**Q** 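Mind looking over this structure? Questions follow.
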2 protein chains.
Amino acid sequence: MRKPGQKKGSAALSRPRAPKGEKVPVAEADPAPPSQVAPAANKVVTITDVAQRAGVGESTVSRVLRNKGSVSQSARHKILKAAADLNYVPNRIAGTLASMSSRLIGIVVPSVGNTVVPEVLAGVNTVLEAAGFQPVIGVSNYDSLREEALIESILSWRPAGILVAGLEHTDRARAMLKGCGVRVVELLDIDGEGIDIVVGSSHRMAGRKSAEHLLAHNYRNIGYVGHDVRVDIRAGKRLEGFRAVMHENGLNFVDEEFHPSMASSVEAGRIGLARLLKRQSGLDAIYFSNDDLALGGYFHCLEHDISVPRDLALFGYNGLEITRLTPQPLSTIRTPRIAMGKVGANLLLSGGPSTVVDVGFELVVGATT
Amino acid sequence: MRKPGQKKGSAALSRPRAPKGEKVPVAEADPAPPSQVAPAANKVVTITDVAQRAGVGESTVSRVLRNKGSVSQSARHKILKAAADLNYVPNRIAGTLASMSSRLIGIVVPSVGNTVVPEVLAGVNTVLEAAGFQPVIGVSNYDSLREEALIESILSWRPAGILVAGLEHTDRARAMLKGCGVRVVELLDIDGEGIDIVVGSSHRMAGRKSAEHLLAHNYRNIGYVGHDVRVDIRAGKRLEGFRAVMHENGLNFVDEEFHPSMASSVEAGRIGLARLLKRQSGLDAIYFSNDDLALGGYFHCLEHDISVPRDLALFGYNGLEITRLTPQPLSTIRTPRIAMGKVGANLLLSGGPSTVVDVGFELVVGATT
DNA sequence: CTGAAAGCGCTAACAG
DNA sequence: CTGTTAGCGCTTTCAG
């Protein structure tokens, strides 16, 4: 049996006594008779304490604190005062368990490398916060097994909903998502079979449009510079779409350079383009897996006096802020990331039916094509 | 009294029945006598179910699932099998309440705009994940009142620890952090009074070193281009340090341009430098509030054929990856962000005494000074 | 409008 | 090694 009255705080991580500077006289710290009552130190305030101090029942306190049910003004006042005096912080863990409904929202993203994921998260967060939900985040590092583990872990917090990136998951992850009983939103991509709510844009189509743009501008000797497309599935879909259009026009990439980095990076683009140009001449345009890489390629051109787009055209993906601020704005495809996050979060909370929302994209003709 | 057996899932956000495509015959959906038993649909599996199916007691199941205490191989086997069969996902909300120790870690950051915060978070996350903790995140948008609210909200989840950015908080926020009974880590800055554990570097000193560097290279007519320094307190400290060195050498900024954006941005740097150069001639160096701005300034120079550093030297802060990949690498100060996150998280979990850790910084001499 | 009481699902003694 | 039993702090009937 647990000894009542001997309440302890969080065992492992509770603050050690007397942090730097605060002297606590060893002998006479506690004026109460020692070994009789446990020292009241750090006792966590509960709703019971508030109720007692206000002289009301616990349920009334609960009602006031959650603005639910009707309570007399006098009681409300006393309770609010008591809570403030006691510095009461409600315990949502207990609240969640009792009410069987949480204000936690799970989020699983592949990385926080470039700014695209943070931007989506910012959009999501705006909505969640306004609605009083708290995000619980996991980063999978583009590893689907890690994603699976994260999903399980997050689900164990019984969130009110969950957002994940992309449509590709392990079978077990899909099963868990399907069976967990809460709404799930898959963000960023719509090319594939979704689980519940899907909000994103078509990467296949983005790749196609990119190719059509370059072909329309009479580029024919096109190279590809990308990062690991096995890992970044959406980049792979863009490449696929691009390639399809090339084939439909009887063309092929002159050459392709895959940097083995899992995450995209400016450096990968810089190195990748340098390598490609070393072994191929006659290229007139490069399609990059995204703006990070394209930026690296652009820097390479600047440094080596390769005239863009006369000598070489460059095309990226994402429409990052920076791409329109370089000396020559980069040609790219811009996606509404903040909006995507907001739409996803709203749909998650709104309780509507399963849907697929295509937020679309915009081809931005910069000065590099 | 709550009717037993009529367990319901999360009310608000539970998945609606029959999502797209799955036809559910209205009349004969449930073969059981209607209005007698509640449909067993979606019943959430609990530890009791697992125990029953495995033919053991609940506590034994708990022991197996948490690898605690000793259990016979046969029992362990049966339990694991039962759990898998039932697709059991433990309820950590209940576990946390019962054990009074959570595996949640609160994190409050000012923004997710540029990559510095995500990088710190990546470091933090590496450690947390390895130790089985889950981050609960809040974004304050550089608003201290919002930060206060977020801290309160996050504390209500009774996290095992909390990480916040910077040392400046509202009085109430400090009080809550001090009184919450768990370890708190303040990241990014060490110039000031900390609450418990402080991990960061001195921005004042970074500003000083930057000034010393420029002065040592004989720049004397120095301008400042920054974003809102009232809001980004750490940028303000750098400016202060820089200015102090100038004064000690009988100098002053020739002119200062503050872009009213709260968050830093490449655009602010571009516009800010353009404005500054329009009203001042004879400047030989610019100190930027950080690399985002410096990058924008650099792009402005590239576009307007301002020779760097001959006509104008540029100096930033952060040491973002991209600053060493531009045609001329930018001169800047690099901070160990990933390491900072790791150290902070480790200290948080390790349970040591309150400390201040200066992770230092490195002045990177690029090609722009 | 208010209080009493029964759990939410799990963990932690304790006694086998 | 294992089952029983009290709670964790809060919400939610239900009966005043």
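Keep in mind that this is a model prediction, so the values were computed, not measured. So that the names make sense, note that chain A is the first sequence line, chain B the second, and so on, each numbered from 1.
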**Q** From the list C:dC8, D:dC10, C:dC10, which nucleotide is the closest neighbour of the side chain of A:Glu58?
**A**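 It is D:dC10.
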**Q** Please report the distance, rounded to the nearest Å, between CD1 in B:Ile93 and P in D:dT11.
**A**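 Distance, rounded to whole Å: 13 Å.
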**Q** Given D:dT2, C:dC8, C:dT2, identify the nucleotide with an atom nearest to the side chain of A:Val71.
**A**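 Given the options D:dT2, C:dC8, C:dT2, the side chain of A:Val71 is closest to C:dT2.
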**Q** By nearest atom, which of the nucleotides D:dG3, D:dT11, C:dC10 is closest to the B:Thr60 side chain?
**A**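 For the B:Thr60 side chain, the nearest candidate turns out to be D:dG3.
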**Q** State whether the side chain of B:Gln134 and the backbone N or O of A:Val136 hold a donor-acceptor pair below 3.5 Å, judged by distance alone.
**A**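 It does not hold such a pair.
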**Q** What distance do B:Arg158 atom CZ and A:Asn91 atom CG have between them, rounded to the nearest 0.5 Å?
**A**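 Answer rounded to 0.5 Å: 4.5 Å.
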**Q** Quick check on C:dC10: is either OP1 or OP2 less than 4.0 Å from any side-chain nitrogen or oxygen of B:Ser62?
**A**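 No.
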**Q** Please report, rounded to the nearest Å, how far the P atom of C:dT11 is from the CZ atom of B:Arg103.
**A**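 Checked: the CZ to P distance equals 12 Å.
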**Q** Quick check for you: among D:dT11, C:dT11, D:dT2, whose closest atom lies nearest to any side-chain atom of B:Ala98?
**A**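 Nucleotide nearest to B:Ala98's side chain: C:dT11.
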**Q** Picking from A:Glu148, A:Glu186, A:Arg174, what satisfies side-chain hydrogen bond (donor to acceptor under 3.5 Å, both in side chains) with A:His169?
**A**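 Running side-chain hydrogen bond (donor to acceptor under 3.5 Å, both in side chains) over A:Glu148, A:Glu186, A:Arg174 with A:His169 returns exactly one hit, A:Glu186.
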**Q** Any ion pair linking A:Asp49 and A:Arg53 (charged N to carboxylate O, less than 4.0 Å)?
**A**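 No, no charged N to carboxylate O under 4.0 Å.
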**Q** Judged by each residue's nearest nucleotide on DNA chain C, which is more toward the 5′ side, B:Asn91 or A:Ser74?
**A**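 That would be A:Ser74.
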**Q** Counting distance only, does the side-chain N/O of A:Ser99 pair as donor-acceptor with the main-chain N or O of A:Gly95 below 3.5 Å?
**A**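 Answer holds: yes.
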**Q** Under 4.0 Å, counting only non-hydrogen atoms across every strand here, what does B:Ser72 touch: a base, just sugar-phosphate, or nothing?
**A**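 The residue B:Ser72 makes sugar-phosphate contact but no base contact.
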**Q** Whole-Å distance between D:dA6 C1' and B:Met100 CE?
**A**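 So the two atoms are 14 Å apart, to the nearest Å.
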**Q** Using a cut-off of less than 4.0 Å, is there contact between a side-chain N or O of A:Arg158 and OP1 or OP2 of C:dC8?
**A**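 No, A:Arg158 has no side-chain N/O under 4.0 Å of OP1/OP2 on C:dC8.
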**Q** What's the separation between atom CD1 in A:Ile47 and atom OH in A:Tyr88, rounded to the nearest 0.5 Å?
**A**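 Answer rounded to 0.5 Å: 4.5 Å.
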**Q** So if I take every side-chain heavy atom of B:Ala94 and compare against C:dC10, D:dG9, C:dG3, which nucleotide ends up nearest?
**A**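 Ranking C:dC10, D:dG9, C:dG3 by closest atom to the B:Ala94 side chain puts C:dC10 first.
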**Q** Find the distance B:Ile47:CD1 to C:dC8:C1' and express it as a whole number of Å.
**A**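 Computing the B:Ile47:CD1 to C:dC8:C1' distance gives 14 Å.
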**Q** Whether the side chain of B:Arg63 and the base of D:dG3 hold a donor-acceptor pair under 3.5 Å is what I'd like checked.
**A**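 Indeed there is one.
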**Q** Once you round it to whole Å, what is the distance between P of C:dG9 and CG of B:Leu86?
**A**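 Result: 14 Å.
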**Q** Using only modelled atom types and a 3.5 angstrom limit, is any donor from either the side chain of B:Ser59 or the base of D:dT4 paired with an acceptor on the other?
**A**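 Check passes, donor-acceptor contact within cut-off.
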**Q** In whole angstrom, give the distance that lies between atom CD of B:Gln52 and atom C1' of C:dG9.
**A**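 Value for this atom pair: 14 Å.
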**Q** For the pair made of NZ in A:Lys68 and C1' in C:dC1, what is the distance, rounded to whole Å?
**A**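 Taking NZ of A:Lys68 and C1' of C:dC1, I get 17 Å after rounding.
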**Q** Between B:Ser70 and B:Thr96, which is nearer to the 5' end of DNA chain D once each is assigned its nearest nucleotide?
**A**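 Per heavy-atom nearest nucleotide, the more 5' residue is B:Ser70.
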**Q** Are A:Tyr88 and D:dG9 close enough that a side-chain N or O sits under 4.0 Å from OP1 or OP2?
**A**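 Checking A:Tyr88 against D:dG9: no side-chain N or O falls below 4.0 Å of OP1 or OP2.
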**Q** Output the rounded distance in Å from CG (B:Leu65) to P (C:dG9).
**A**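 Interatomic distance, CG of B:Leu65 to P of C:dG9: 16 Å.
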